[in-house]
Structure formats: structure tokens, C-alpha cells
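Keep in mind that this is a model prediction, so the values were computed, not measured. Proteins get letters first, then strands, A, B, ... in listed order; numbering begins at 1 in each.
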Number of protein chains: 2
Amino acid sequence: MKDVAARAGVGLKTVSRVVNGEAGVSTDTERRVNEAITALGFRRNDSARVLRKGSTSSVGLVLEDLADPFYSPLSRAVEEVARAHGALLINGSSAEDPERERELVLALCARRVDGLVIVPASGDHRYLEPEMAAGVATVFVDRPPGRIEADLVLSDNFTGAREGVAHLIAHGHRRIGFIGDQPRIHTAGERLRGYRAAMAEAGLAVADSWVAPGGTDPQRVRADAARMLDGTEGTEPVTAFFSGNNRVTVALVRELAAPVRRERAVALVGFDDFELADLLSPAVTVVAQDPADLGRNAAELLFRRLDGADDEPRRVSRPTRLIARGSGELPPSL
Amino acid sequence: MKDVAARAGVGLKTVSRVVNGEAGVSTDTERRVNEAITALGFRRNDSARVLRKGSTSSVGLVLEDLADPFYSPLSRAVEEVARAHGALLINGSSAEDPERERELVLALCARRVDGLVIVPASGDHRYLEPEMAAGVATVFVDRPPGRIEADLVLSDNFTGAREGVAHLIAHGHRRIGFIGDQPRIHTAGERLRGYRAAMAEAGLAVADSWVAPGGTDPQRVRADAARMLDGTEGTEPVTAFFSGNNRVTVALVRELAAPVRRERAVALVGFDDFELADLLSPAVTVVAQDPADLGRNAAELLFRRLDGADDEPRRVSRPTRLIARGSGELPPSL
DNA sequence: ATGAAAGCGCTAACAT
DNA sequence: ATGTTAGCGCTTTCAT
């Protein structure tokens with residue numbers, strides 16, 4: 001910028017004015033400055049600007065996996081809102097590792113992002129207290145923060161799961177298996193709670209072997225499903241499944257489509273919608289969340305804070321929607 | 001940092017040494033400094049650090065759409081490589097708009113990212129010349145840059161498409177429709193070229209109405225497909241489709257699954273693999289790319305440059321793989 | 001082992 | 001309309 005000023009024969013501040021489109025520069029001077037800028041290939045160094053202004057016009061997003069089809073639309077939605085506010089998005093995947101989440105978040109804080117949107121992997125966010133006190137706006141989405149208060153956007157996982165399981169019960173099922181994600185994940189716990197509530201409301205007992213929380217690894221999902229389908233000593237086989245998220249659903253669909261399984265129609269309702277669910281046979285009935293909507297809400301809450309709102313932390317709950325497509329309406333086959 | 005120094009009763013440089021783990025600080029002093037850091041909730045301001053050091057330890061990624069199932073694994077792969085090199089990832093979606101790409105890229109340059117990975121939407125990247133001259137390492141992926149020289153990682157789109165279409169021909173098809181993305185996109189053009197090459201090699205003429213490049217909008221894909229399936233005056237209906245990318249394939253699968261279409265089996269080979277392709281009926285034969293592999297290669301090329309490599313720009317070509325699943329092996333039905 | 005001073009490139013505040 | 005000065009928070013250089 002100094003070079004530009006020298007070349008244009010003006011002061012530093014005048015160049016700054018031109019670069020930032022501020023008023024108070026004659027058209028002639030402006031032209032000379034712009035010529036110098038082009039000639040020198042000058043581009044403002046935002047690091048210096050940030051250092052001086054204190055705000056970076058960037059927000060951070062930390063989630064489990066950027067490539068997960070559930071989270072990528074969420075990420076895109078946050079990006080769109082950020083863009084509308086002139087901010088860039090820095091994002092990172094925690095890979096469901098609390099330590100990695102912490103490292104990422106603190107690295108983003110060191111970069112002085114204006115705000116953070118977090119899908120937490122950790123259960124304890126007290127490490128964020130100094131940062132939030134220092135003015136980093138923070139919004140949690142999809143799962144609540146641990147041991148601190150902050151804005152939060154959640155789907156109504158409990159109600160959604162309860163409705164999904166009630167739907168199976170309404171279609172005549174009495175022995176329904178639940179395969180879900182790791183129970184330490186909030187959403188997984190809520191969905192399991194919804195499953196139990198629906199069963200209890202229908203007066204149905206739940207055998208221990210019908211409940212298999214434990215992560216999204218396709219191998220383990222298929223193994224647990226196979227076990228429930230075949231029945232164990234003292235427990236009859238299930239006639240339907242409720243699956244805890246889209247990764248589990250996809251693994252489950254693969255197991256149900258395996259040649260040895262096809263002879264028997266097993267009902268399925270999955271939490272989370274996914275692409276092509278409508279084109280499988282049977283088409284998969286789901287309890288749908290809208291990940292883009294979650295992301296948009298979270299980002300808007302964030303920018304509300306950045307615009308100065310300093311009221312109590314908000315908790316936004318978004319409804320889920322049962323989409324009946326066929327797999328959830330199959331009658332019990334045993 | 002000044003506050004920390006004051007509280008610990010040491011000089012500024014000593015705090016800097018502790019924060020950066022440099023040698024030359026007595027254990028006792030170090031302890032006092034660390035106490036002060038914790039007490040004050042101090043976190044180094046990376047903006048100042050960047051300003052002084054000149055490097056940001058961050059890389060930018062610009063692509064069409066972060067939420068596209070083809071690009072999100074690419075993005076994740078870039079993130080992983082960046083992480084291995086201690087760098088953060090800033091990313092943005094160009095939405096296939098050249099002007100938006102340019103804005104994003106220049107914003108990233110102003111932030112002084114160390115390097116850029118770009119899936120270009122624009123056909124002219126001369127705007128990057130000053131930046132590259134100023135030392136911003138740049139790698140293009142999935143599509144070549146326009147009017148400049150730079151590192152590049154591409155799938156072999158032409159060969160992949162030619163093989164895919166040849167596969168249909170080998171299964172008896174003579175009238176094959178091509179539905180692709182906008183032809184100004186490099187990959188779309190290459191795939192169309194592959195289609196034409198395969199047809200020509202088999203001595204088959206291509207009717208104008210069999211070729212429909214034009215974007216991924218599901219409505220238009222289905223309309224064009226319907227037109228080709230019904231035939232037009234002077235042109236017989238097609239018996240097979242080759243689709244130009246995964247968005248087109250999914251739209252096409254929907255059209256072929258529509259009740260009115262089901263009576264006739266239409267063969268399909270799609271460019272790009274996609275989740276659940278194997279579970280549709282018929283399962284969809286595809287020419288698969290590996291988006292994560294593309295991203296990984298691009299990022300590694302980038303960090304190679306950042307590590308000082310200054311040889312000629314490289315052009316890395318990655319092979320595609322034909323995965324036969326059923327839809328591409330259906331015989332002609334007319 | 002430790003510290004003082006200069007300066008990275010910009011903008012805010014205050015001249016002129 | 002334009003320029004000057006100070007300083008954002010850190011690292012570099014050079015003393016001590």
C-alpha cells in the first residue's frame with residue numbers, strides 16, 4: 001500500500017480510502033490510485049486489516065464429517081448465510097473426537113473468527129468459557145453443548161423417534177429392533193428414548209437384544225441386524241427396525257437386501273432422510289430432519305449475536321417430519 | 001501478551017518464547033508465564049502472528065457446491081491433508097458462477113492463504129496471475145484452469161466416457177442418448193467427446209436429438225430423457241442412456257422408474273458413482289471417479305509447492321473405473 | 001536466559 | 001480533499 005501511495009504520488013490514507021471505497025477522494029486521484037494498484041498487482045493484506053479492526057469477517061464451523069450427506073447441506077447453509085453477511089467460512093471435521101474438536105475450536109479462536117457454529121463431539125465445553133467471555137459468539141447445532149450455556153438449534157429427536165416407532169406399531173408390529181449410533185451422542189440417546197417411549201405407550205416390552213446402540217460401522221450394524229432377525233434363545237425375531245440415523249439406515253437396507261434376507265419382508269423406519277430413499281424397493285419410510293434448515297437457523301442465530309443481541313441463550317427446536325414411503329407400512333411377516 | 005508479561009513479571013519476548021515452545025527459558029520462568037496465561041485466559045492472536053510471519057497456515061478451497069455428494073468427499077480429503085500439514089481449510093462454493101469464483105478466490109488471497117485448491121467455474125484465470133506471482137500456490141482439480149499454467153489433477157473423463165458408451169454398444173445398443181452437464185464445463189465436454197468417439201469407433205451415427213447437454217436441473221433432464229425415449233419424427237427412440245454426471249444420473253433414474261416408463265427396460269451407464277447405486281433395481285452401472293483421491297492428490301501437490309518445489313506445473317491424470325451392476329448390461333428393448 | 005526496540009500493513013483519529 | 005501519526009499484537013533482531 002505504501003508502494004501504491006508512492007507510485008500514485010498520494011498519501012497512505014488516500015490509498016486506504018480508495019481501496020475501501022470511502023468517500024472524500026477526487027475522481028482524478030481515485031483514478032491515479034487505481035492505476036497504481038493495477039500496475040503493482042496490489043491486494044490489501046487482510047491480516048493487517050484484521051489486526052487493526054479486531055474483526056475478521058469469518059466464522060468457523062466444526063462438525064463431525066464434512067463429507068457426511070447429512071452434514072454437508074448443513075455446512076452449505078451456514079456458508080450461504082455467512083456469505084450474505086460478507087463473511088468467509090473456515091471449517092473442520094472433528095471425526096467425532098472430543099480432543100480434535102477442542103484443537104480445532106481453539107485454532108479457530110486463535111484466528112479470531114467472529115463466531116463459531118459447532119456440532120459438538122465433546123461433552124464438556126468449559127474450555128470455551130474464556131473465548132466466549134472474550135466475545136466469540138457461539139452457536140451449537142444438532143447437539144447441545146456440555147456444561148456451558150449457549151445458543152442451540154436442535155431437531156426434536158425424541159418426538160420424531162417416538163412417532164416413527166409409533167408408526168410401526170400402528171402397522172401391527174410388536175417386536176421392533178432399534179439400531180442406533182453411540183449412545184453418548186445426544187441425538188442417539190434422544191432417539192433411543194423416543195423408541196422406548198413409543199414402546200411403553202403401546203404397552204410393549206422391549207427385549208434387551210432388540211436394542212443395539214453402538215456406532216455406524218456397517219459391519220456391526222449388519223451383524224446386529226442379523227442377530228435380531230434370526231432371534232436369540234428366549235427372544236423371538238423382530239419384524240421391524242427403527243434405525244437411529246442415515247448411516248445406520250443405509251447399512252440396514254444393505255442387510256435387508258441381501259439374498260438370504262429377501263424372502264422375508266422386514267419393515268423399516270429410518271431417522272434422517274437420504275437421497276434415493278424413494279427409489280429403493282420398498283421405498284424407505286423416514287423421520288426426516290432438514291439439515292440445511294438447521295444450519296441456516298444456527299447461522300442466523302450467530303449473526304444475530306454478532307449484530308449485538310445479548311439476551312439469554314436461545315434454544316430453537318425444529319420439528320421432524322414422518323415421510324411414509326412403503327418400508328414402514330409393511331405388515332409383520334412372522 | 002503484554003498483560004501476560006506484566007503479570008508474570010517478564011519481558012514480552014519471554015512470553016512469546018513460552019507460547020511458541022522455543023528454547024531458552026528456565027523452567028521456573030516458564031511455569032510463571034504459564035500460570036499468567038491460564039489466569040488471563042490468554043490465546044495468541046494469530047492475525048498479528050500472520051502479519052509478522054507472512055504465512056497463515058491456511059489453504060483455500062473453492063468448488064461448485066460443498067453439499068454436492070461428489071465434491072464433499074473431495075473437500076474432506078483436502079481438509080485431511082491440510083490438517084496433516086497443520087493448516088486450516090477455508091472453503092467456499094462458487095455455485096458454478098465465474099464471478100462468484102473470482103470474488104471468493106480474491107477474498108482468500110486477501111486473507112493471504114498459503115495456497116489454493118480450485119475446481120474452476122470460470123474459463124479465464126488470468127486474474128490469478130498477480131497472486132501466483134506473489135507466491136500463492138495454486139492447484140486446479142477436476143477441471144483445467146483457463147489461460148494460465150498451473151498444477152492440475154484430472155480424471156480421465158474422455159477415456160472413462162468412451163469406455164462407458166462402448167460397454168453399452170457391446171451389449172447390443174445402437175441408439176444411445178447422451179444427457180450431460182453444461183458443455184462449457186470441461187468435464188462435460190470431455191465426456192461428450194468420449195461418447196462421440198465410442199459411437200464413431202463402432203460406426204454408429206449420432207442423431208442430433210440424442211445429445212442433450214444442458215445442466216443438471218432434474219426437470220430438464222427428465223424432459224430430455226422423455227423426448228429421447230418417445231422418439232421424434234425421423235428419429236427412433238433410444239434404447240440406452242449415457243449420463244454425464246451423478247446429478248443427471250439420479251434425475252434419469254427417477255424418470256426411468258416412473259410408472260409410465262417401467263414397462264420398457266432402458267439401459268443406463270452413468271458417469272460418477274453414487275451411494276446406493278448398487279441397491280436400485282436394476283443396480284446402476286457407472287464409470288466411477290474417486291473424488292477423495294482427486295482431492296488428496298491436489299492437496300498433496302499443493303503442499304509440495306508450499307514445501308518449495310518450483311518445477312514445471314504438473315498435470316496428474318487419474319483413471320476411472322467401470323463398475324458393471326446391471327443397468328448397463330440390459331439388452332436393447334426395441 | 002532474558003529483554004528492548006523496530007516493524008509487519010493496515011486503519012482510526014486527528015490534522016491540514 | 002488529503003496527509004500524518006499512532007498503534008493493533010505479535011516476531012525479529014540485537015543487546016545484555
Q. Is it the case that more than 12 heavy atoms not belonging to E99(B) sit under 6.0 Å from its CD atom?
A. yes
Q.
Angle between ring planes, H85(A) versus F303(A), binned at 30° and 60°: parallel, tilted or perpendicular?
A. parallel
Q. Looking at DNA chain D, which of residues 2-32 of chain B put a heavy atom within less than 4.0 Å of it?
A.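 Contacts with DNA chain D under 4.0 Å: K13(B), S16(B), N20(B).
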Q.
What residues from residues 41-56 of chain A pass a heavy-atom cutoff of under 4.0 Å to DNA chain D?
A.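 Heavy-atom contacts with DNA chain D come from L51(A), R52(A).
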Q: Only counting residues at least two apart or in another chain, list the ones meeting side-chain contact (heavy atoms from CB on, under 4.5 Å) with L106(B).
A: R43(A), R102(B), Y127(B), E131(B)
Q: For the helix from dA1(C)-dT16(D) to dT16(C)-dA1(D), figure out the bend between the end axes, five pairs an end, and round to 10 degrees.
A: 30°
Q.
I need the full list of side chain to side chain donor-acceptor pair (under 3.5 Å) pairs touching residues 297-308 of chain A, with sequence neighbours left out, sorted by first then second residue.
A. D151(A)-R305(A), D293(A)-N297(A), R304(A)-D311(A), R305(A)-D311(A)
Where is the tightest heavy-atom contact between [X] and [Y], given as atom of each residue plus distance?
X       : Y       : result
V136(A) : G115(A) : CG1-CA, 4.2 Å
P120(B) : E96(B)  : O-OE2, 4.3 Å
L66(B)  : S75(A)  : CD2-OG, 3.3 Å

Q: Ignoring hydrogens and angles, state whether a donor on the side chain of N45(A) or S47(A) is under 3.5 Å from an acceptor on the partner side chain.
A: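 Short answer, yes.
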Q: Kindly write out the residues that satisfy salt bridge (charged side-chain N to carboxylate O under 4.0 Å, His left out) with R17(A), not counting sequence neighbours, or none if the list is empty.
A: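 Once residues adjacent in sequence are excluded, R17(A) has no partner under the salt bridge (charged side-chain N to carboxylate O under 4.0 Å, His left out) criterion.
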Q | Residues E64(B) and R143(B) bridged, charged N to O under 4.0 Å | A | yes
